[in-house]
Each structure stands twice: as structure tokens, then as C-alpha cells.
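Note: hydrogens, waters and symmetry copies are ignored here, and every other heavy atom, side chains too, is used.
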Amino acid sequence: QVQLVESGGGLVQAGGSLRLSCAASGRTLSMYAMGWFRQAPGKEREFVGSMNWNSGYTSYADSVKGRFTISRDNAKNMVYLQMNSLKPEDTALYYCAAGPSDWGHAKPDESYYWGQGTQVTVSS
């Protein structure tokens, strides 16, 4: 089992920044890739970005490329999502997930484990 707990969400004005954190615990995390997904009201959950825990290789959705960055702290078993130049359309519930180690542009149904989500609201 892997436990994932997100934090860092909140309300921010358009153009602002937030950093989301995901605390991971449980089974050997090097077996997985870590991903971030989001779900806006009335919409399906969508891929934001992913990172291979060992190699650090990252992949991003086109909608966030150049604005969002995933990083990790192996010693603390933490994964981060730095979000810059936020737009109102980034408003959503953001989820941390663990999935196959070869995750790239991931699909939600490929995830093995989910966090509970943290809300991000961007005002115009």
C-alpha cells in the first residue's frame, strides 16, 4: 500500500503561483512514477504531469507545459507541483497519484493509488 496526502491548495489571483505538496509513504516508492491530476466541476479527471521516481523524467500536459513543474525530495518522500502563471481555467481539485514506473502522459485509470485531493481556485 502507498499513502498519499496532498497539501498546499488555496485561492490565488490569476497570474499568481502555488506549490502543491504530496507526502508519500508505504511501499518502496522507487517502484512507481508519481503523477498529478486535476478535476474541475462537471469535467473528467485529467492528467497534469508525471515524474519517474528514480530517473526524474517528467511529462506534462500541453495545457500546463512551461508553467507547471514537478519536483521531488527523495529523502523526505515528497513530490511537489510548482504552479506559476495560474489561470482561472486551472481551477480544480488536484490529486497526487502513484502509477506504473514507465508513466509518461498518464491516464487516470492507470493509477494504483490516489490522494484525497487539494482544491486550487484561481480568481480572475
Side-chain angles (χ1 to χ4, degrees):
Q1 288 288 332
V2 172
Q3 292 79 42
L4 303 171
V5 179
E6 304 97 331
S7 61
L11 174 64
V12 64
Q13 288 189 330
S17 298
L18 278 176
R19 189 178 80 156
L20 306 184
S21 300
C22 175
S25 61
R27 296 185 64 182
T28 305
L29 296 173
S30 60
M31 298 172 56
Y32 306 102
M34 303 301 294
W36 287 95
F37 294 79
R38 66 187 182 186
Q39 188 166 17
K43 295 188 176 181
E44 294 186 351
R45 193 169 297 187
E46 65 175 7
F47 170 75
V48 174
S50 65
M51 171 180 273
N52 180 280
W53 192 269
N54 287 324
S55 69
Y57 175 82
T58 54
S59 180
Y60 297 96
D62 288 344
S63 59
V64 306
K65 201 171 294 182
R67 299 188 298 123
F68 291 11
T69 303
I70 296 175
S71 62
R72 74 193 190 284
D73 184 330
N74 288 3
K76 296 181 179 180
N77 285 349
M78 296 290 294
V79 179
Y80 305 99
L81 180 66
Q82 178 66 44
M83 305 185 295
N84 298 328
S85 302
L86 283 161
K87 305 175 182 180
E89 51 264 42
D90 294 318
T91 295
L93 190 59
Y94 282 72
Y95 295 92
C96 178
S101 60
D102 59 350
W103 245 2
H105 197 103
K107 297 178 181 179
D109 59 6
E110 296 170 340
S111 174
Y112 300 149
Y113 302 101
W114 291 99
Q116 83 288 351
T118 185
Q119 179 68 38
V120 171
T121 303
V122 184
S123 62
S124 57

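For G9 against L20, the heavy-atom pair with the smallest separation is N-CD2, 3.6 Å. Pairing each heavy atom of L86 with each of R67, the nearest pair is CA-NH1, 3.9 Å. The minimum heavy-atom distance between P88 and S124, with the atom names listed, is CG-CB, 3.8 Å.
Using a 4.5 Å cut-off between side-chain heavy atoms of Ile, Leu, Val, Met, Phe, Trp and Tyr, with links allowed through other members, L18 and F68 fall into the same hydrophobic cluster. Under the 4.5 Å side-chain heavy-atom criterion for ILVMFWY residues, a single connected hydrophobic cluster contains both V2 and Y112. In the hydrophobic cluster analysis, where Ile, Leu, Val, Met, Phe, Trp and Tyr join through side-chain heavy atoms closer than 4.5 angstrom, V120 is grouped together with I70. Both M83 and V79 are part of a single hydrophobic cluster, where members link through side-chain heavy atoms under 4.5 Å apart. Y113 and L81 fall within a single hydrophobic cluster, where Ile, Leu, Val, Met, Phe, Trp and Tyr are joined by side-chain heavy atoms under 4.5 Å apart, directly or via other members.
With rounding to the nearest 0.5 angstrom, the OH atom of Y60 is 6.0 Å from the CE atom of M51. To the nearest 0.5 angstrom, Q119 atom CD is 7.5 Å from T91 atom OG1. To the nearest 0.5 angstrom, M78 atom CE is 6.0 Å from S7 atom OG. To the nearest 0.5 angstrom, T58 atom OG1 is 9.5 Å from K65 atom NZ. Distance check: W114 CH2 to L4 CG gives 10.0 Å after rounding to the nearest 0.5 Å. Of the inter-residue distances, the one linking Q82 atom CD with T69 atom OG1 reads 7.0 Å to the nearest 0.5 angstrom.
Not one N or O on the side chain of Q116 forms a donor-acceptor pair closer than 3.5 Å with the backbone of V5.
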Return all side-chain donor-acceptor pairs below 3.5 angstrom for residues 31-49, not counting sequence neighbours, or 'none' if the list is empty.
| from | atom 1 | to | atom 2 | distance (Å) |
| --- | --- | --- | --- | --- |
| R38 | NE | E46 | OE2 | 2.6 |
| R38 | NH1 | D90 | OD1 | 2.9 |
| R38 | NH1 | Y94 | OH | 2.9 |
| R38 | NH2 | E46 | OE2 | 3.1 |
| Q39 | OE1 | R45 | NE | 3.3 |
| Q39 | OE1 | R45 | NH2 | 3.4 |
| Q39 | NE2 | K43 | O | 3.1 |
| R45 | NH2 | Y95 | OH | 3.4 |

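Applying the side chain to side chain donor-acceptor pair (under 3.5 Å) test to every pair with at least one member in residues 8-25, sequence neighbours left out, gives these pairs: Q3-S25, S17-N84. Applying the disulfide bond (SG atoms under 2.5 Å apart) definition to pairs two or more places apart or across chains, those involving residues 19-124 are C22-C96.
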- request: Walk me through it: do W53 and N77 pass the test side chain to side chain contact (heavy atoms under 4.5 Å, CB included)?
  value: CA-CA 10 Å; W53 192 269; N77 285 349; 3.8 Å; yes

